[in-house]
Undergrad: 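Here's a structure for you.
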Protein chains: 2
Amino acid sequence: MSEIVSEEPEIDTNTVPDIVVGRLPLYLRALSEMALADKHFTSSQELADALGISSAQIRKDLSHFGEFGKQGTGYAVLGLRDHLRNILQLDREWPLIVVGAGHIGSAVANYTGFAERGFRVVAVFDNNPARVGDGAGTHTVYAMNDLNAIVEKYKVRHAMLTVPAEAAQTVAEQVIAVGIRAILNYAPTTLAVPVGVHVEYIDPVLHLQRMTYYL
Amino acid sequence: MSEIVSEEPEIDTNTVPDIVVGRLPLYLRALSEMALADKHFTSSQELADALGISSAQIRKDLSHFGEFGKQGTGYAVLGLRDHLRNILQLDREWPLIVVGAGHIGSAVANYTGFAERGFRVVAVFDNNPARVGDGAGTHTVYAMNDLNAIVEKYKVRHAMLTVPAEAAQTVAEQVIAVGIRAILNYAPTTLAVPVGVHVEYIDPVLHLQRMTYYL
DNA sequence: TAGATTGTTAATCGATTAACAATC
DNA sequence: TAGATTGTTAATCGATTAACAATC
């Protein structure tokens, strides 16, 4: 039997399916809730029940990143939470900008849920001079001219777009040009972006329409 | 050759995968955009390019519901749009309630995008007496006591929950009890609901966290 | 007619689940 | 020890894609 140089059981990050990565924040959220309730241990079954998915899926998903549990015992809530934070790079605070200071933009900029979970809104932008300066809640609204300076100053990589659908593609290009690499688009339209830039979408109407089919 | 009574090529609605139904509103949105641009015809390839998916998927998805195109020509924009509206039961206006009159609730209640796409916010509710009566924008805020009366009066089936995470499960049960069958939950927590009730989720932080993994 | 594009089939690809040895 | 639960394998299930005959 020839000796085989054992290969590292390497964690090839490119190999983890997007759909698995997409569920990790959900696991993290459930664990944070448990931590808040002072729960010390949990199991894949308990997490599965809380999230309405299968325990096998949770174990399989986690197995892409390492071994975090103990047979017979399950997972330490704080331990697994911190592992997930680490995997998702959420063990730091990320600066965030909002582009578009209308109704949704202002609401989004003042939503306290971002700061509570690691994202800090550092600026709100609008191309309408009438909106610049006056507050979107506690935030001052900046002109688009200031985009580059602020993104560089705070090393911002995340942007939320709360502009009209017609403006979204142009605005996306503007923020990408200054270094934004993750866009959360609230405008009801699909964006075309270069590889290396990530886009996710929020369109509440799509959700309502989906459910209406079943009524 | 024995004669076979031809079976209806029946459109078994239970047979359409949820994931397919979930894409229909996206197709509808793209078609509405084309209609607005006065485009008369389109193809599965053109739709696919606009949405960043494959043309085969679009044709396959549509084939669950009928034949809407013409070889060599493609699809009539208005025709396909109306077919999709019909399939999704969006050829009527649906009343909608918002529960929770805080920052997000007020923003959501005043978002004009709902009315533009077939959903009309008929009432906003809050359990805090201090918020009842004064406006959430153009809406009057009702007490939870009025929930049943208003849901019955307008025959409401859709609710958006914009309450704190801790309150979401209880509020969900309240709205289900008065007849709501579709819930769009903005609270960052998973809901347990009986069969026959549909829930979709909006948690912007989850989207930001997903993208952060790749940065 | 020639070119374009559908609707559909079959193949491929990928994700989920069931099951269980290992072990705390 | 007995019971519980992990991590992993293999099987199943389902979704996507490629390809093309039909036909406008």
Side-chain angles (χ1 to χ4, degrees), chain A residues 6-24 26-27 30-31 34 39-77 79-81 83-84 87 210, chain B residues 6-24 26-27 30-31 34 39-77 79-81 83-84 87 210:
Chain A
S6 78
E7 288 175 21
E8 288 289 318
E10 50 178 321
I11 296 157
D12 181 350
T13 219
N14 295 358
T15 256
V16 179
D18 290 354
I19 199 163
V20 172
V21 174
R23 279 190 293 260
L24 298 187
L26 220 48
Y27 302 163
L31 287 160
M34 288 176 180
K39 204 166 174 11
H40 292 192
F41 284 89
T42 188
S43 64
S44 59
Q45 187 57 58
E46 195 175 47
L47 276 166
D49 289 345
L51 295 169
I53 60 181
S54 85
S55 65
Q57 180 162 80
I58 291 178
R59 295 197 304 278
K60 186 106 218 288
D61 285 355
L62 295 177
S63 77
H64 284 97
F65 303 95
E67 308 191 351
F68 308 115
K70 261 218 268 276
Q71 286 101 325
T73 311
Y75 304 91
V77 169
L80 184 54
R81 182 198 63 184
H83 274 298
L84 289 177
I87 291 165
R210 275 165 200 162
Chain B
S6 78
E7 288 176 21
E8 288 290 317
E10 49 178 322
I11 294 156
D12 181 351
T13 218
N14 295 356
T15 256
V16 180
D18 289 354
I19 199 163
V20 171
V21 174
R23 280 190 293 261
L24 299 186
L26 221 48
Y27 302 163
L31 287 160
M34 288 176 180
K39 203 165 173 16
H40 291 192
F41 284 89
T42 188
S43 64
S44 60
Q45 187 57 59
E46 195 175 47
L47 276 166
D49 290 344
L51 295 169
I53 60 180
S54 83
S55 65
Q57 181 161 79
I58 291 178
R59 294 198 302 278
K60 186 106 219 288
D61 285 355
L62 295 177
S63 77
H64 285 97
F65 303 95
E67 307 192 354
F68 308 115
K70 260 218 268 275
Q71 285 101 327
T73 311
Y75 304 91
V77 169
L80 184 54
R81 181 197 64 182
H83 274 299
L84 289 176
I87 291 165
R210 275 164 200 162

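Keep in mind that this is a model prediction, so the values were computed, not measured. Just so we're on the same page: letters track the sequence lines, and every chain starts at 1.
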Undergrad: Please round to the nearest 0.5 Å and tell me the distance separating atom CZ of Arg81(A) and atom OG1 of Thr42(A).
TA: 13.5 Å
Undergrad: According to a strict under-4.0 Å criterion, is Ser54(B) in side-chain N/O contact with OP1 or OP2 of dT16(D)?
TA: no
Undergrad: For Lys60(B) and dT16(D), what is the distance between atoms NZ and P respectively, to the nearest whole Å?
TA: 9 Å
Undergrad: In whole angstroms, how far is the C1' atom of dT5(C) from the CG atom of Leu47(B)?
TA: 13 Å
Undergrad: So, OP1 or OP2 of dT16(C): does either fall under 4.0 Å of a side-chain N or O from Gln57(A)?
TA: yes
Undergrad: Think Ser44(B) has a side-chain N or O under 4.0 angstrom from the OP1 or OP2 of dT5(C)?
TA: no
Undergrad: Does the side chain of Gln45(A) come under 3.5 Å of the side chain of Asp49(A) through a donor N or O and an acceptor N or O?
TA: yes
Undergrad: Counting Watson-Crick and G-U wobble pairs only, both distances under 3.5 Å, name the nucleotide matched with dC24(D), or none.
TA: dG3(C)
Undergrad: Please find the pair of heavy atoms, one from Ile58(A) and one from Ala48(A), that lie closest to each other, and give the distance.
TA: CD1-N, 3.4 Å
Undergrad: Separation of Glu46(A) atom CD from dT5(D) atom P, in whole Å?
TA: 9 Å
Undergrad: Please check the phosphate of dT16(D) (OP1 and OP2 only) for any side-chain N or O of Arg23(B) closer than 4.0 Å.
TA: yes
Undergrad: So, is Tyr75(B) close to the dA4(C) phosphate, meaning a side-chain N or O under 4.0 Å from OP1 or OP2?
TA: no
Undergrad: Can you tell me the pairing partner of dT17(D) across any strand shown, Watson-Crick or G-U wobble, with both distances under 3.5 angstrom?
TA: dA10(C)
Undergrad: Rounded to the nearest 0.5 Å, what's the gap from CG on Leu47(A) to CG on Leu26(A)? Could you check?
TA: 10.0 Å
Undergrad: Provide, to the nearest angstrom, the distance between the CD atom belonging to Gln45(A) and the P atom belonging to dG7(D).
TA: 15 Å
Undergrad: Which nucleotide sits closest to the side chain of Arg59(A): dT8(D), dG7(C), dT5(C)?
TA: dT8(D)
Undergrad: Taking the side chain of Ala56(B) as heavy atoms from C-beta outward, which of dT23(D), dG7(C), dT17(D) is closest to it?
TA: dT17(D)
Undergrad: Within this structure, what is the CD1-to-P distance between Ile19(A) and dG14(D), rounded to whole angstrom?
TA: 15 Å
Undergrad: Expressed in angstrom and rounded to an integer, what is the separation of Leu62(A) atom CG from dG7(D) atom P?
TA: 7 Å
Undergrad: Send over the distance from Asp18(B) CG to dT16(C) P, rounded to a whole Å.
TA: 14 Å
Undergrad: May I have the distance from Asp61(B) (atom CG) to dT9(C) (atom C1'), rounded to whole angstrom?
TA: 16 Å
Undergrad: Let me confirm one number: the OH-CG distance from Tyr27(B) to Leu62(B), rounded to the nearest 0.5 Å.
TA: 6.5 Å
